[in-house]
Each structure stands twice: as C-alpha cells, then as structure tokens.
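Worksheet: one structure, shown below.
Sequence lines set the chain letters: A, B, ... in the order given, protein chains first and strands last, and positions in each chain run from 1.
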Protein chains: 2
Amino acid sequence: MRYRRDDVVARAIEVLDAHGLAALSMRRLAGDLGVQAGALYHHFTNKDALLAAIADEILRRGRRPAEIMAWDAELHLLCLGLRDAMRRHRDGAALIAHVHRADAEALERPLRAALERAGADADLARVGARTLLRLVLAHEDADDADFALGLGLLLDGLRARLG
Amino acid sequence: MRYRRDDVVARAIEVLDAHGLAALSMRRLAGDLGVQAGALYHHFTNKDALLAAIADEILRRGRRPAEIMAWDAELHLLCLGLRDAMRRHRDGAALIAHVHRADAEALERPLRAALERAGADADLARVGARTLLRLVLAHEDADDADFALGLGLLLDGLRARLG
DNA sequence: ACCTGAACACCGTTCAAGT
DNA sequence: ACCTGAACACCGTTCAAGT
C-alpha cells in the first residue's frame, strides 16, 4: 500500500480513538497501515512531528468561524471549543498537552489575541492565555459544571483587571 | 552493592538533576547503582512507584512548618513552596505533573483544605485546588513576575467568591 | 533482604536499496 | 514519491535461582 501524509494522520487518529495514546507507537501505526515502521519517516521527521500533525487535525476539525462579541464571551467560547475538540478523542487532552510543551505559541495565540483586543498588556495577555489553556487541559475529565466553575474563577480575575 | 529503598530514591534524584527525566530509566538508574535492572523491582513495584517516591521526597524536602494566617496568604505560600520545591530539580515540574496524573488527591489536599477553611463548598474547594496546582505546574519555566501574575488572577477570582 | 542472569515483548530512528 | 529489510541502541518487566 502507498499512503500520503494525510492518510497516515487519519489512521493515527483512528488508532488513538480505539486504543489510546500509549498504544500509538510508530511501529504499531505502521503495522496497522501494513507498512514497515521506517516508512513513516518518509512522512514525518519524528514521532513528535506526527503527534503535532494529529493535534493540528483534531483542532482544525473543531474550529468554528469567528464571531464578533465581548472579549470575555470570546475567551469563554474559545476555551469551550478547545475543550470540545480535545474531548472528541481518547486521550485528547494528553495529546494536546504534549504538543503544547513543544509549541506553546500556536495554541495560545488566539487566546492571547483576544486578551490584547480587550486591552491587556503583553504580560497579562501571555500569562492569561497560558493559564486559560492549562485550565482547559487540566479539566478534561471534569464534568461541565466543574469546568465552568474553574473558567469562571479565571475570567473573574481577568475582569477585575480589564474592566 | 546492596541498597535500601531510600538509597535508590536518593540516587534517582541525582540522576534526575544531572541528566533529566528522559534519561531516568530503570536500566540507567540500575547501571548507575551497579546492579541489574531487575533488582530495582525489589524496592518498587514499577517505575511509576519509583517516580512517586521521588516526588514524595522532593516535596518532603521542600515542606515548611504550618503557620496561622489568612486563607489567601496561606494559598499563596503553599503555591510558592510547591513551586520552589519542584524548581530545585531538573524537570521537577514534569515529574510532579506525571505523579499528579496518577494521584491528584495527595497534592491537592492541602490547597483544598485551606479553601474549605475559608468557607468554600466542596465543589469550589476541589476546582480551586486543582486549578491552582495546574497553575504552579504550568509556570515552572516562567519568571517570578509571570507566576505572581497568574497566581494573582486566580486568587482574585477566589476572593470574589469567598470575600 | 537483596541481587543475578536471562529472557520476553516491546520502543524510536536510520539508511542503503528497491519500485 | 514511497516503501522494504535490517540493523542500532535502547525500553519496562518478570522470575527462577543465588547469597
């Protein structure tokens, strides 16, 4: 069989959903595709690059069109969207958290941008974005009420600084 | 050579500090001690148990005597203590975060207790403790000003609910 | 109580060579 | 462009047997 990069990502997401992140090894995925493990290195420079591509695809699928709204409502919606996207897949939060360690920038950018539009300075925008993102990643297993409570705590803190 | 459990933990912390969490394998640690890898399973049921013992020891070393103070000052101090303890070791935050995944309870308890003493109900105490802990783990690499800012955000949110 | 020796069932990664 | 075959240098874990 011959595959393109996107085929490999799609199959990797299937393995993830069916067997979890711990089972998603290069060898296992290759075996699933019916190719040798080394063949995957034609598509990705290493495993982290594959995981990043999976995270990209998961987040792309969960992306919704931007709307014009108040900054706190926007942050709320961004966090909910992120939470929904990652909860659609087994070990989604663990995967996103792993990728976030290597590239914090990409995930935090939309949150930071919303904070800056609300008048936050660079420091507050950066820290606020990071803290919100960590909150989302930390509460994957929490129910919606717990998540809303944690998010409310943080948004209150931000409101106290941004009016 | 013959070792006791505590010797192994102490040496593991040395390996951690010198070479990082990724290099801290059972085989490597055993080699460093001059024993076979299998010998470690006399002291720990598995690698996670070893990592938990390391985390315990790191946090034990960082523990300070309890003082009587306002709940928000106490939370502030607990978070600072946790941050200091884990920053004393290479990959300290990653190690604590890993152990926290398996046993969230132990690390969150003191934070939750402080929140309950402040009048928080069970939900707010649980979510507040978890969010604070995640904040500490998330900002290992941040400078003190960024950390203080993130912590301030959250404490403001808590103050708004607890008076 | 603590360790050896040896095995089992895995990993990620590289690379010359093939089509 | 994509894959094979085979190797390299590792993992965590188990367990009978030794002292």
Side-chain angles (χ1 to χ4, degrees), chain A residues 1-58 90-91 94-103, chain B residues 1-58 90-91 94-103:
Chain A
M1 292 294 155
R2 288 185 140 229
Y3 299 96
R4 280 155 311 139
R5 198 185 146 94
D6 286 356
D7 302 328
V8 178
V9 171
R11 183 64 72 94
I13 292 179
E14 289 175 25
V15 172
L16 183 71
D17 285 336
H19 307 284
L21 188 57
L24 184 56
S25 68
M26 297 300 267
R27 285 170 181 275
R28 156 107 200 212
L29 175 59
D32 236 68
L33 288 164
V35 299
Q36 295 292 316
L40 296 180
Y41 291 82
H42 181 77
H43 302 287
F44 308 94
T45 55
N46 54 32
K47 186 179 179 178
D48 272 353
L50 166 64
L51 294 177
I54 296 173
D56 261 16
E57 174 61 15
I58 285 177
R90 168 122 80 126
D91 294 333
L95 172 70
I96 304 289
H98 178 89
V99 171
H100 178 245
R101 253 163 252 145
D103 179 17
Chain B
M1 294 294 158
R2 288 185 140 230
Y3 300 97
R4 280 155 312 139
R5 196 185 147 95
D6 287 355
D7 303 327
V8 178
V9 171
R11 184 63 73 94
I13 292 178
E14 288 174 27
V15 173
L16 183 70
D17 285 336
H19 308 283
L21 188 57
L24 183 56
S25 68
M26 298 299 268
R27 284 170 182 275
R28 156 106 201 212
L29 175 58
D32 235 69
L33 288 164
V35 299
Q36 296 291 316
L40 297 180
Y41 292 82
H42 181 76
H43 302 288
F44 308 94
T45 56
N46 54 33
K47 186 178 180 178
D48 271 354
L50 167 65
L51 294 177
I54 296 173
D56 260 16
E57 175 61 16
I58 286 177
R90 167 120 82 124
D91 295 334
L95 173 69
I96 305 288
H98 178 89
V99 171
H100 177 245
R101 254 163 252 144
D103 179 14

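In summary, of the residues considered (B/Leu51, B/Ile54, B/Val15), a side-chain contact (heavy atoms from CB on, under 4.5 Å) with B/Leu21 occurs for B/Leu51 alone.
Under 3.5 Å, the side chain of B/Arg4 and the base of C/dA1 form no donor-acceptor pair of N or O atoms.
C/dT14 atom P lies 15 Å from atom CZ of A/Phe44, rounded to whole Å. Going from atom CG of A/Leu33 over to atom C1' of D/dC2 covers 13 Å, rounded to whole Å. In this structure, the CZ atom of B/Arg27 is 11 Å from the P atom of D/dT13, given to the nearest Å. Rounding to whole angstrom units, CE of residue A/Met26 and P of D/dC8 are separated by 21 Å. Atom P of nucleotide D/dC2 and atom CG of A/Asp7 are separated by 9 Å, given to the nearest angstrom. Nucleotide D/dG12 holds its C1' atom 17 Å from the NE2 atom of B/His43, rounded to whole Å. Taking atom CG of A/Leu29 as the reference point, atom P of C/dT13 lies 13 Å away to the nearest angstrom. Across the protein-nucleic acid pair, A/Leu40 atom CG and C/dC15 atom C1' stand 15 Å apart, rounded to whole Å.
You'll find that the side chain of B/Val35 is closest to C/dT4, out of D/dT13, C/dG12, C/dT4. Side-chain proximity of B/Gln36 to the nucleotides C/dG5, C/dC3, D/dG12 is greatest for C/dG5. Ranking C/dA1, C/dT13, D/dC3 by closeness to the A/Arg2 side chain, first place goes to D/dC3.
Counting heavy atoms from C-beta on, the side chains of A/Asp91 and A/Leu24 never come closer than 4.5 Å. In this structure, A/Leu33 and A/Leu40 have side chains that are in contact, with non-hydrogen atoms separated by less than 4.5 Å.
Remark: B/Tyr41 is in phosphate contact with D/dT13, judged by side-chain N or O atoms under 4.0 Å from OP1 or OP2. For A/His42 and C/dC15, the shortest distance from a side-chain N or O to OP1 or OP2 is not below 4.0 Å.
Using the Watson-Crick or G-U wobble rule with both distances under 3.5 Å, D/dC10 pairs with nothing in any strand shown. In this structure, C/dC15 forms a base pair with D/dG5, meeting either the Watson-Crick or the G-U wobble geometry with both donor-acceptor distances under 3.5 Å.
With both ends at atom C1', the span from D/dC11 to C/dC8 equals 12 Å, rounded to whole Å. With both ends at atom C1', the span from D/dC15 to C/dC3 equals 13 Å, rounded to whole Å. Nucleotides D/dC10 and C/dA9, compared at atom P, are 22 Å apart to the nearest Å.
Of the two residues contacting DNA chain C, namely A/Ala39 and A/Ser25, the nearest-nucleotide position lying further toward the 5' end is that of A/Ser25.
Here the closest non-hydrogen pair linking B/His98 and B/Asp48 is NE2-OD1, 2.8 Å. The two residues A/His43 and A/Tyr3 come nearest to each other via the heavy atoms CE1-O, 3.1 Å.
Residue B/Gly31 is classed as having no contact, given no heavy-atom separation below 4.0 Å to the nucleic acid.
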Could you go through the side chain to side chain contact (heavy atoms under 4.5 Å, CB included) check for A/Asp32 and A/Arg28 one step at a time? CA-CA 6 Å; A/Asp32 236 68; A/Arg28 156 107 200 212; 3.9 Å; yes
